[in-house]
Amino acid sequence: MRVTINELKEMKQHGEKIPMLTAYDYVTAKLVDEAGIPLILVGDSLGMVILGYESTIPVTMVEMLHHTKAVVKGTKRALVVGDMPFMTYHASVADALRNAARFIQQGGAQAVKLEGGERMAEIVKRIVECGIPVMGHIGLTPQSAYQLGGFKVQGKTPEAASQLLNDARALEQAGAFAIVLELVPAPLAKIITQRISVPTIGIGAGPFCDGQVQVISDLLGLYTEFVPKHAKQYAKLADIIRAAVADYLTEVRGGSFPTKRESYTMDESLLEGLIDEAS
Ligand code: KIV
């Protein structure tokens with residue numbers, strides 16, 4: 001049985017922290033699930049860390065569904081959230097409902113995430129009314145980075161802080177089951193967390209949120225082109241991969257790989273005819 005949105009709400013009520021990670025493929029999702037992470041996001045960050053795009057803007061529904069299916073296959077216990085890509089929920093309610101449904105029906109996810117606060121509340125409400133759990137995302141919303149003037153910490157003026165609180169309340173009212181706070185000053189994230197009943201999941205939002213989310217490629221030290229201040233590398237997989245590939249290269253070039261151990265044998269007398277042919 002997978003983790004439910006009610007269990008996540010109970011975790012907040014009991015003061016139990018909620019660890020969340022992104023995953024984009026079967027193998028990684030399986031490891032993350034087996035480690036006991038209750039909430040997995042197939043983030044549109046895959047545009048950068050998997051597909052090599054410069055931002056999340058070019059990511060499509062087809063790409064998201066492809067990766068969501070793999071993550072769902074790799075997991076048994078975690079609740080899997082599919083991240084709705086840029087412009088798949090803005091143009092009309094009908095678009096938003098259709099695309100949210102695709103994550104559940106075709107991708108196998110148990111919930112969707114979308115960016116935006118008050119201005120997205122009606123869309124969130126309509127998706128929730130269809131029976132699809134929605135996770136909100138406010139603060140720095142990467143799909144609006146051009147509008148926000150880049151990847152900056154949000155809510156730093158009294159007006160902006162108050163707007164973020166309103167955004168969180170609007171999403172709570174609309175029925176969101178949790179809200180990601182990205183790049184929000186820790187004291188403000190604390191106030192928002194105290195004022196709403198649904199769990200806040202922070203990324204670059206300090207220690208007072210109900211949960212934390214990290215991009216797995218940052219956590220594993222796999223994506224090294226840009227390491228944000230709020231990311232902590234729990235491993236340095238890029239170094240391990242570089243060293244392993246360099247060793248392989250040297251051994252293939254030098255003829256020391258493969259050895260007998262990595263080779264298959266057969267009764268060589270059966271090859272006599274071929275050996276005669278060759279000589
Ligand atoms: O796409 C993503 O990985 C995200 C997280 C940073 C919350 O939205």
Side-chain angles (χ1 to χ4, degrees), residues 1-8 18-91 94-115 123-124 126-137 141-143 176-178 180 201 203 211 213-220 222-223 237 241:
M1 176 69 184
R2 287 187 189 265
V3 171
T4 64
I5 58 169
N6 290 343
E7 285 175 76
L8 297 171
I18 305 170
M20 175 172 176
L21 275 176
T22 66
Y24 313 103
D25 64 273
Y26 172 84
V27 176
T28 316
K30 193 164 186 296
L31 293 170
V32 169
D33 191 52
E34 286 169 358
I37 295 287
L39 196 51
I40 296 182
L41 172 68
V42 188
D44 64 354
S45 49
L46 70 80
M48 279 119 104
V49 300
I50 301 292
L51 302 175
Y53 301 154
E54 277 186 10
S55 74
T56 57
I57 302 293
V59 176
T60 63
M61 274 303 292
V62 171
E63 288 163 342
M64 287 306 301
L65 290 176
H66 178 77
H67 288 271
T68 303
K69 278 185 208 166
V71 168
V72 171
K73 275 208 184 114
T75 53
K76 289 196 171 92
R77 173 107 185 97
L79 188 151
V80 177
V81 183
D83 209 1
M84 297 191 70
F86 179 61
M87 287 312 290
T88 62
Y89 52 97
H90 306 76
D95 261 10
L97 297 184
R98 199 169 28 247
N99 287 320
R102 287 179 76 191
F103 270 103
I104 308 292
Q105 244 176 352
Q106 297 168 25
Q110 291 82 51
V112 297
K113 175 171 86 57
L114 55 83
E115 297 182 4
I123 300 273
V124 170
R126 296 291 297 275
I127 299 175
V128 171
E129 278 169 1
C130 292
I132 301 173
V134 179
M135 174 177 271
H137 183 161
T141 43
Q143 292 172 9
F177 73 90
V180 169
I201 311 286
I203 175 161
V213 57
Q214 288 281 291
V215 171
I216 188 125
S217 328
D218 292 339
L219 179 122
L220 297 177
L222 198 52
Y223 184 78
L237 285 200
I241 292 174

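Owing to the predicted nature of the structure, the values given are computational and were not obtained by experimental measurement.
Residue-environment remark: CZ (Arg126) stays at or below the threshold of 12 foreign heavy atoms within 6.0 Å. Residue-environment remark: NE2 (His66) stays at or below the threshold of 12 foreign heavy atoms within 6.0 Å.
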Any chance you could lay out the side chain to side chain contact (heavy atoms under 4.5 Å, CB included) test for Val59 and Tyr53, step after step, and finish with the verdict?
CA-CA 8 Å; Val59 176; Tyr53 301 154; 4.1 Å; yes

Intermediate values then yes/no, side chain to side chain contact (heavy atoms under 4.5 Å, CB included), Val112 and Ile132
CA-CA 7 Å; Val112 297; Ile132 301 173; 4.1 Å; yes

How far apart are the C-alpha atoms of Thr4 and Met1, what are their side-chain angles, what is the distance that settles it, and do they pass the side chain to side chain contact (heavy atoms under 4.5 Å, CB included) test?
CA-CA 9 Å; Thr4 64; Met1 176 69 184; 3.8 Å; yes

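A pairwise comparison of heavy atoms in Ala78 and Leu39 identifies CB-N, 4.3 Å as the closest pair. Across all their heavy atoms, Leu79 and Val3 have their closest contact at CD1-O, 3.2 Å. Here the closest non-hydrogen pair linking Ile37 and Leu21 is CG2-N, 3.9 Å. Of all non-hydrogen atoms in Ala109 and Gly82, the two that sit nearest each other are CB-N, 4.1 Å. Shown here for Ile123 and Ala96, the closest heavy-atom pair between the two residues is CG2-CB, 3.6 Å. When all heavy atoms are compared, the tightest approach of Ser45 to Val215 is OG-CG2, 4.2 Å.
Atom CD in Gln214 sits 10.5 Å away from atom CG in Leu220 (nearest 0.5 Å). To the nearest 0.5 angstrom, Leu8 atom CG is 9.5 Å from Met20 atom CE. Taken to the nearest 0.5 Å, the CZ atom of Phe103 stands 6.5 Å off from the CE atom of Met84. Here the straight-line distance linking atom OG1 of Thr75 with atom NZ of Lys30 works out to 10.5 Å at 0.5 Å rounding. Remark: His137 NE2 to Thr141 OG1 distance equals 6.5 Å, nearest 0.5 Å. Note that CG of Leu114 is 5.0 Å distant from CD1 of Ile127, once rounded to the nearest 0.5 Å.
Side chain of His67 to backbone of Met64: no donor-acceptor contact under 3.5 angstrom is found. For the pair Asn99 (side chain) and Asp95 (backbone), a donor-acceptor distance under 3.5 Å is present. Thr88 contributes a side-chain N or O that, together with a main-chain N or O of Pro85, makes up a donor-acceptor pair within less than 3.5 Å.
Between Gln110 and Pro133, the closest side-chain pair of non-hydrogen atoms is not below 4.5 Å. Arg102 places a side-chain heavy atom less than 4.5 Å from the side chain of Met61. The side-chain heavy atoms of Val71 and Tyr26, taken from C-beta on, include no pair separated by under 4.5 Å. Under the 4.5 Å side-chain criterion, counting only non-hydrogen atoms from C-beta, Pro19 is in contact with Pro38. Using a 4.5 Å heavy-atom cutoff, the side chains of Thr68 and Gln106 are not in contact. Side-chain contact between Arg2 and Val72: present, with at least one pair of heavy atoms (C-beta onward) separated by less than 4.5 Å. Side-chain contact between Tyr89 and Glu115: present, with at least one pair of heavy atoms (C-beta onward) separated by less than 4.5 Å. Val42 has its side chain out of reach of Thr22: every pair of non-hydrogen atoms, C-beta onward, lies at least 4.5 Å apart.
Asp33 has no carboxylate O lying under 4.0 Å from a charged side-chain N of Arg77, or vice versa, which leaves the two without a salt bridge.
Counting only N and O atoms by type, the side chains of Tyr24 and Glu63 include no donor and acceptor under 3.5 Å apart.
For the side-chain hydrogen bond (donor to acceptor under 3.5 Å, both in side chains) criterion with Gln143, the lone passing option out of Asp83, Thr56, Asp44 is Asp44.
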